[in-house]
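Below is one structure, written out as structure tokens, with a few remarks after it.
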Amino acid sequence: MRLEKCWFCSSTVYPGHGIQFVRNDAKIFRFCRSKCHKNFKMKRNPRKVKWTKAYRRLHGKDMTQDSTFEFERKRNRPERYDRNLAENTLKAIKKIDKVRSNREAKHIEKRMKGKKSKERREAAKELEQSIHMVKPPSILAQDPSLTLPKIKVKVSRQQTEENHAMEE
Amino acid sequence: MVQYNFKKITVVPSGKDFIDIILSRTQRQTPTVVHKGYAISRLRQFYMRKVKYTQQNFHEKLSTVIEEFPRLDDIHPFYGDLLHVLYNKDHYKLALGQVNTARNLISKIAKDYVKLLKYGDSLYRCKSLKVAALGRMCTVIKRIGPSLAYLEQIRQHMARLPSIDPNTRTILICGYPNVGKSSFINKITRADVDVQPYAFTTKSLFVGHTDYKYLRYQVIDTPGILDRPFEDRNIIEMCSITALAHLRAAVLFFLDISGSCGYSIAQQAALFHSIKSLFMNKPLIIVCNKTDLQPLEGISEEDKKLVMEMKAEAMKTVIGQGGEPTNGDGVLLTMSTLTEEGVIAVKNAACERLLDQRVELKMKSKKINDCLNRFHVAIPKPRDQKERPPCIPQSVLEAKAKQAAQMAEKEKRKTEKDLEDENGGAGVYSANLRKNYILANDEWKDDVLPEILDGHNVYDFIDPDILQRLEELEEEEGMRQAEEENEDFKMDGEELTPEEQAALAEIRKKKSLLIREHRMKKSTAESRPTVPRKFDKDRKFTTERMGRQLSALGLDPSLAINRARGRSLSRRGRKRERSLDKGDNDAGDAMDMDVDQQNKKLRIRSRSRSRSKSRPPGEVAPGEGFKDSAQKVKALKLAKKSVKKRNKDARRGEADRVIPSLKPKHLFSGKRSIGKTQRR
């Protein structure tokens, strides 16, 4: 029993799922679900389809080169069974997994890092440039800060008299 | 060879079939179309051809029949006699003779008619000549029909005769019926002869083959012979007699000691003596069968005497051949086909005797000298008296010993199949394939390693130095994490204050509003006409709204409102002084709310009035075409009068909608050029 990778989206194909297509030149294409299979039949290039791992790796969205990938390699020669080795392997798999997912997260974080500062700079620029849409120049001359103008509320005299009456 | 393979004779067709075959062939292979207008020579030729063709075919076929059937005088006397016994020689010859005469007759007929045809003078005459010729030929064949049928029967039977080679080494088995001849032949050869308790189970000769000293021997089983005078014998017995008479073979005379065949030893001995003339020059062995029922020692005195007599006769045949008198052991043998004891001994003895006799004969004949001259066996002369036994190397001896031991062991070893059978058979027991694994520690044989863990294939990760690599990885990870912490404290101090953020949000809202409105305007401008803004059908553009927007911006709207009001249409329509008052408005006083209220009422009123009070009824507008207002008033009056009566009578007027025809024809009739007329 082996977990294979989908040819189109590179997700794992568990046993009992998906379709396997064997071409006349004996190349095997495995697909995890009909979405990938249909895309393949439409002759779409996975490197151009945004949601596939191939695209993401090619365009630097996901981590490409790392030492954790070298632990998992298809071995064609079976090793003689050794219980200690097996135990160690099972433990190692978990640790390697953790390390790899950490590194991937860091990669994405680094990628996103510059966004906040960029956003802020843009916001500041926009505010400065378009403040005239909410603040007329006369008010801006008086109050040069980049904030909304203060609205003066006009209270009627009648009301104030009534209030006084209430108070007394 | 013709002698012993009669299977190659072609089928002899029956009379009718014969005629059909030949005539249809004639019809197919010769031209068929002829008209009476053809030249006479052509007509003659046409019919002569048919006659000749038919004659040739008959000749051919009859010749094959005659040639393929064996001539009884020309073949080996054994076969000749056998065929005579089976199918009477005379009848056989007669049938063939008839076929021969038929052939000659047909030739004569054809010759005669061809001669006649040469002088045929019309189509009809030629045709009838041909018809006559063919008819006569067919009658000839019809007459020999029974012969043909007989020959066909013979052919079928001959094809099934056993292929006996009269010249090779043969062993003949004879004796009374039911003594065990067929059982014997079943035992020593691969023949499968019927063995049954009733007499004459075997009705014809059967052949089997057996090997002895690298030579092949024919063994012939014969039907049983009864003790009768020669003339009374039936065909079946005659078969065996023929075989005995003609084949140069070793004879095994079977004797049933126990008498369970139904005939006593005396009777069998009598038979023996009556046919002993046939055993001339043949190695004879007397075989006592069925010793499991009655051993040879246990028989009565008289019987023993008879047996001894027979043995004596047999001895005579032995001494009569070859110069060396053999002992009596090879002449009288006992065996039992049921228990199979002595069977092989009998066979070997018979083969041996036969071989000796044949060799003797060959040696005596003249031909042998030619053979002897051709080969020479060289025997090395011993050089000295030293013994030189064969030398087998030690390793070979050891290997042989080991192999013997292995064979013994193999028989003792328990196989997996045995284990399976013990534990419940194929469906119940499944073999433990891990039993013979070679591992560092035998406790690990039953370990189950998972193939899949957390979405990974475990086998892809197995590596002898995985621990070391994991350590390296963890070190690397630790270092990297330390580096990252150092880098983490990077400040971005360009945060906007909440008021600024509010301003930015307001700006963005306004921008999106503008964009949306523009898009709406852009999209609808082509499809429908829009009322230009100045006509303001929704009555949006009020001074109140302006005032609100201006105060939201932080400006004081009162000045702008006053100015707008000063310029309004209603204001312009009535020359009142209220506008002057409003002109003195100072910015930012507290009475703005009341002023707004009064302005609103004025504005509404002024709107309605401005429309209806623009022109009095009698006033003439420049483009109307009236001379003066009096004329216009008169015209209006006339118009009113004309309509008055109709209105009073409540009749339909011009304003009332009229449909000239409720069902116009062009809509309710006619076929469409394309499409359906399902609805009108």
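Quick note: numbers below take in every heavy atom, side chains included, and nothing from hydrogens, waters or symmetry partners. Letters A, B, ... mirror the listed sequences (proteins, then strands); counts begin at 1. Please read all numbers here as calculations on a predicted model, not as lab measurements.
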The interface call for B:L470 against chain A, heavy-atom contacts under 4.5 Å, is both

Between the CD atom in B:Q468 and the CG atom in A:N88, the distance rounded to the nearest 0.5 Å is 13.0 Å

May I ask you to check whether over 12 heavy atoms, not counting those of A:D25, lie within 6.0 Å of atom CG? yes

One should read off an interatomic distance between B:R480 CZ and A:N102 CG, to the nearest 0.5 angstrom, of 7.5 Å

- prompt: Do the side chain of A:R120 and the main chain of B:E495 share a donor and acceptor less than 3.5 angstrom apart?
  reply: no

If one checks every heavy atom of A:S138 against chain B at 4.5 Å, the contacting part turns out to be side chain

Scored by heavy-atom pairs under 4.5 Å with chain B, the best of A:L148, A:L3, A:T89 is A:L3

Interatomic distance, CG@B:L453 vs CG@A:D97, rounded to 0.5 Å, equals 8.5 Å

Most heavy-atom pairs under 4.5 Å with chain B, out of A:K95, A:E70, A:K91, belong to A:K95

Under 4.5 Å to a heavy atom of chain A? For B:E474 that would be side chain

Counting heavy-atom pairs under 4.5 angstrom with chain B, the leader among A:I139, A:D143, A:I131 is A:I139

Is the number of heavy atoms from other residues, nucleotides or ligands within 6.0 Å of CE (A:M42) greater than 12? yes

Whatever's closer than 4.5 Å to a heavy atom in chain A on B:P450 counts as side chain

When the 4.5 angstrom heavy-atom criterion is applied to A:E72 and chain B, the contacting part is both

Interface check, chain B: of A:A92, A:S145, A:A124, most non-hydrogen pairs under 4.5 Å belong to A:A92

Given A:E4, A:R121, A:H132, the one with more heavy-atom pairs under 4.5 angstrom with chain B than any other is A:R121

Residue from B:E500, B:E506, B:H456 scoring the most non-hydrogen pairs under 4.5 Å with chain A is B:H456

Item checked: Atom NZ of B:K445 with >12 non-hydrogen neighbours under 6.0 angstrom -> yes

Subject >> Side-chain heavy-atom pair B:N457, A:K74 within 4.5 angstrom cut-off >> reply: no

query = Does A:I28 CD1 have over 12 foreign heavy atoms under 6.0 Å away?
reply = yes

* Could you please spell out the steps behind the side chain to side chain contact (heavy atoms under 4.5 Å, CB included) verdict for A:R75 and B:D463? => CA-CA 9 Å; A:R75 282 150 234 266; B:D463 197 355; 3.7 Å; yes

Under 4.5 Å to a heavy atom of chain B? For A:T12 that would be side chain

Distance col, row A:T68:OG1 vs B:E477:CD, nearest 0.5 angstrom, shows 8.5 Å

Distance col, row B:I462:CD1 vs A:F71:CZ, nearest 0.5 angstrom, shows 14.5 Å

So, the part of B:L550 with a heavy atom under 4.5 Å from chain A: the answer is neither

Heavy-atom nearest pair, B:L553 first then A:V134, reads CD2-O, 3.0 Å

*asked:* Looking at A:K94 and B:D454, is any side-chain nitrogen of the basic one under 4.0 Å from a carboxylate oxygen of the acidic one?
replied: yes

Item to complete: For atom CD of B:E422, decide whether the heavy atoms of other residues, nucleotides or ligands shown that lie under 6.0 angstrom number more than 12.
Response: yes

In this structure, CD1 of B:I452 is separated from CD1 of A:I93 (nearest 0.5 Å) by 11.0 Å

A:P149 and B:A552 have their tightest heavy-atom pair at CG-O, 3.7 Å

* Asked: Tell me, do A:S130 and B:L504 make a side-chain contact under 4.5 Å, heavy atoms counted?
  -> no

(message) Quick test of your reading of the model: are B:E476 and A:R103 salt-bridged, counting only N-O distances below 4.0 Å?
(response) yes

| message | Please determine whether side chain to side chain contact (heavy atoms under 4.5 Å, CB included) holds for the pair B:F461 and A:I96, giving the CA-CA distance in whole Å, both sets of side-chain angles, and the decisive distance to 0.1 Å. | response | CA-CA 10 Å; B:F461 280 85; A:I96 293 166; 4.1 Å; yes

So, the part of B:L473 with a heavy atom under 4.5 Å from chain A: the answer is both

Exercise. Can you check whether B:D447 reaches A:R83 side chain to side chain, under 4.5 Å on heavy atoms?
Worked result: yes

Subject >> Row check, B:Y459 ring normal vs A:R2 NZ/CZ: under 6.0 Å, within 45° >> reply: no

If one checks every heavy atom of A:K135 against chain B at 4.5 Å, the contacting part turns out to be backbone

So, the part of A:R100 with a heavy atom under 4.5 Å from chain B: the answer is side chain

One option among A:E79, A:R80, A:E126 has the most heavy-atom pairs under 4.5 Å with chain B, and it is A:E126

Notebook entry, point to check: How about A:R47: does its CZ atom have over 12 heavy atoms from other parts shown lying under 6.0 Å from it?
Noted result: no

(request) Could you check if a side-chain atom of A:L146 sits within less than 4.5 angstrom of a side-chain atom of B:E499, using non-hydrogen atoms only? (result) no

Honestly, the part of A:L127 sitting under 4.5 Å from a heavy atom of chain B is both

